[in-house]
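What follows is one structure encoded as structure tokens, with my remarks underneath.
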Amino acid sequence: MKKLIIAALMVSGLALGMTGTATAQIDSTAKDSLNNNRGLQQQDSVTKDQAKKGRFIGGITFTRLDLGFSKLVDNGSFNLSPTNDFLSYKGVKTSTISFDVIQFGYRFNPHFKVYIAGGFDWTLIRLRNNITIQQGTRDLTYVEENTDFSKNRFSNSYVHIPLNFEFRSKENDKGKRFYFVVGPEVSFLLNGKVKQVSDEHGKVKYRDDYNFQAFRYGGAVRIGYGGLGIFTKYYFNDMFDSPAQKGLKNMSFGITFGMN
């Protein structure tokens with residue numbers, strides 16, 4: 001998780017360096033004009049009169065950095081069924097991270113905009129049991145190991161494409177707003193991975209699709225103030241393309257940095 005956060009921050013710096021004045025994130029009014037003189041990039045920053053008119057917005061970005069926890073929902077229950085008990089996980093160490101790197105949309109007025117974005121997300125499941133999820137199998141299978149793993153992480157990574165509907169309040173005296181963002185999201189699988197750490201074998205990694213859904217769809221809700229908020233996401237189709245895991249879904253919740 002720490003390495004992913006560091007990678008996210010590196011991507012942030014790269015994106016800012018590449019885009020120069022093309023970053024489209026602040027979406028503020030004339031109150032922030034002084035910040036432009038300090039070198040902050042505010043393509044979506046306009047005067048109060050201009051803000052009343054509709055306009056297109058977009059560009060390369062680094063925003064909506066979601067850090068939180070993931071939960072498996074087994075046919076409506078947070079308790080795993082006997083069939084899926086091998087996926088028993090450590091809740092406080094099962095996490096999610098995601099961020100957007102591009103967005104395009106239209107602001108209809110100072111309080112409402114619609115935009116489509118693109119980015120990446122990871123789900124990191126810290127398994128309790130000393131098992132190894134098998135590669136290249138038709139169904140999701142595993143073998144029990146005699147090795148005592150200090151870390152046994154089962155993860156996936158996706159490219160996600162959310163369509164967001166953003167509602168925001170007027171700016172207060174501090175130039176901040178309340179935000180409510182809701183919308184559907186589709187995702188395309190990049191890969192799955194097993195990472196294990198033990199005294200016997202050191203650190204080993206295996207990559208495969210591990211029967212994760214190649215195409216995933218769901219929705220997200222965010223509520224925030226200024227640049228900080230909270231989020232929840234829920235994916236409507238099954239987490240795995242495996243008959244035995246039918247009804248096993250994924251949800252996540254946590255903190256969003258960079259609401260706009």
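Remember, predicted model here, so these are calculated numbers, not experimental data. In this chain, numbering begins with 1 at the start of the sequence shown.
- Between M259 atom CE and L65 atom CG the span is 12.5 Å, to the nearest 0.5 Å.
- Looking only at side-chain heavy atoms (C-beta outward), Y89 and R126 stay at 4.5 Å or farther from each other.
- Hydrophobic clustering of Ile, Leu, Val, Met, Phe, Trp and Tyr side chains at less than 4.5 Å, counting indirect connections, unites V101 with L190.
- Proximity of W122 to N156: side-chain heavy atoms (C-beta onward) are nowhere separated by under 4.5 Å.
- The distance from the OG atom of S157 to the CG atom of L124 is 9.5 Å, given to the nearest 0.5 Å.
- Remark: the backbone N or O of N130 is not paired with any side-chain donor or acceptor of E144 at under 3.5 angstrom.
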Report task. Applying side-chain contact (heavy atoms from CB on, under 4.5 Å), run through F149 and V197 and close with a yes or a no. Result -> CA-CA 6 Å; F149 298 114; V197 179; over 6 Å; no
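- The closest donor-acceptor contact from the side chain of S198 to the backbone of H201 lies under 3.5 Å.
- Without hydrogens or angle criteria, D238 side chain to F240 main chain gives no donor-acceptor distance under 3.5 Å.
- Hydrophobic clustering of Ile, Leu, Val, Met, Phe, Trp and Tyr side chains at less than 4.5 Å, counting indirect connections, unites L67 with L228.
- Of all the heavy atoms in P110 and R168, the pair that sits closest is O-NE, 2.6 Å.
- A 4.5 Å side-chain heavy-atom check between R216 and D121 finds at least one atom pair inside the cut-off.
- Of the N and O atoms on the side chains of K233 and S98, at least one donor lies less than 3.5 Å from an acceptor on the other residue.
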Requested in this report: Start with the C-alpha distance between V194 and Y210, add both sets of side-chain angles, then the distance that settles side-chain contact (heavy atoms from CB on, under 4.5 Å), and finish with yes or no.
Outcome: CA-CA 9 Å; V194 168; Y210 290 109; 3.6 Å; yes
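- Side-chain contact between Y115 and N164 is present, with heavy atoms from C-beta onward closer than 4.5 Å.
- Contact annotation: the side chain of T137 approaches that of N211 to within less than 4.5 Å [non-hydrogen atoms, C-beta and beyond].
- Across all non-hydrogen atoms, the minimal contact from F215 to N237 is O-ND2, 2.8 Å.
- The same ILVMFWY cluster, assembled from side-chain heavy atoms under 4.5 Å apart, contains both F108 and I116.
- Side-chain N or O atoms of Y179 include none that pairs as donor or acceptor with a backbone N or O of G229 at under 3.5 Å.
- Of all heavy-atom pairs between P243 and D139, the closest is CD-OD1, 3.4 Å.
- A distance of 10.5 Å separates CG of L248 from OG of S77, quoted to the nearest 0.5 Å.
- In this structure the side chain of N250 reaches within 4.5 angstrom of the side chain of S70, judged on heavy atoms.
- Judged by distance alone, the side chains of N84 and Q245 do bring a donor and an acceptor atom under 3.5 Å apart.
- Atoms CZ and CZ, from F165 and F180 in turn, are 11.5 Å apart once rounded to the nearest 0.5 Å.
- The distance from atom CZ of F154 to atom CD1 of I131, rounded to the nearest 0.5 Å, is 8.5 Å.
- Remark: side-chain polar atoms of T256 are not paired, donor with acceptor, to backbone N or O of R64 under 3.5 angstrom.
- Between S187 and H160, the closest heavy-atom pair is OG-CB, 3.5 Å.
- For the residue pair T141/Q134, the side-chain donor-acceptor check at 3.5 Å is not satisfied.
- With values rounded to the nearest 0.5 angstrom, T63 atom OG1 is found 11.5 Å from F99 atom CZ.
- Side chain of S169 to main chain of F178: a donor-acceptor pair is present (N/O by atom type, distance under 3.5 Å, no hydrogens or angles).
- In terms of hydrophobic clustering, with Ile, Leu, Val, Met, Phe, Trp and Tyr side chains grouped at heavy-atom distances under 4.5 Å, F212 and F188 are assigned to different clusters.
- Two residues are said to be in side-chain contact when any heavy atoms from C-beta on lie closer than 4.5 Å; F112 and V114 meet this criterion.
- Without hydrogens or angle criteria, N152 side chain to N129 main chain gives a donor-acceptor distance under 3.5 Å.
- Between D66 and I97, the closest side-chain pair of non-hydrogen atoms is not below 4.5 Å.
- Considering every non-hydrogen atom in both Q135 and R207, the closest pair reads NE2-O, 3.0 Å.
- Closest heavy-atom contact between Q213 and L189: O-CB, 3.6 Å.
- Both V221 and F236 are assigned to one and the same hydrophobic cluster, defined by single-linkage of ILVMFWY side chains at heavy-atom distances under 4.5 Å.
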Query - V159/F120 under side-chain contact (heavy atoms from CB on, under 4.5 Å): CA gap, chis, key distance, verdict - result: CA-CA 5 Å; V159 171; F120 304 92; 3.8 Å; yes
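- With respect to R107 and E166, a salt bridge is recorded, a charged nitrogen being found less than 4.0 Å from a carboxylate O.
- For the pair K71 and F253, the cation-pi criterion (under 6.0 Å, within 45° of the ring axis) is not fulfilled.
- Not a single donor-acceptor pair under 3.5 Å links the side chain of D208 to the backbone N or O of I133.
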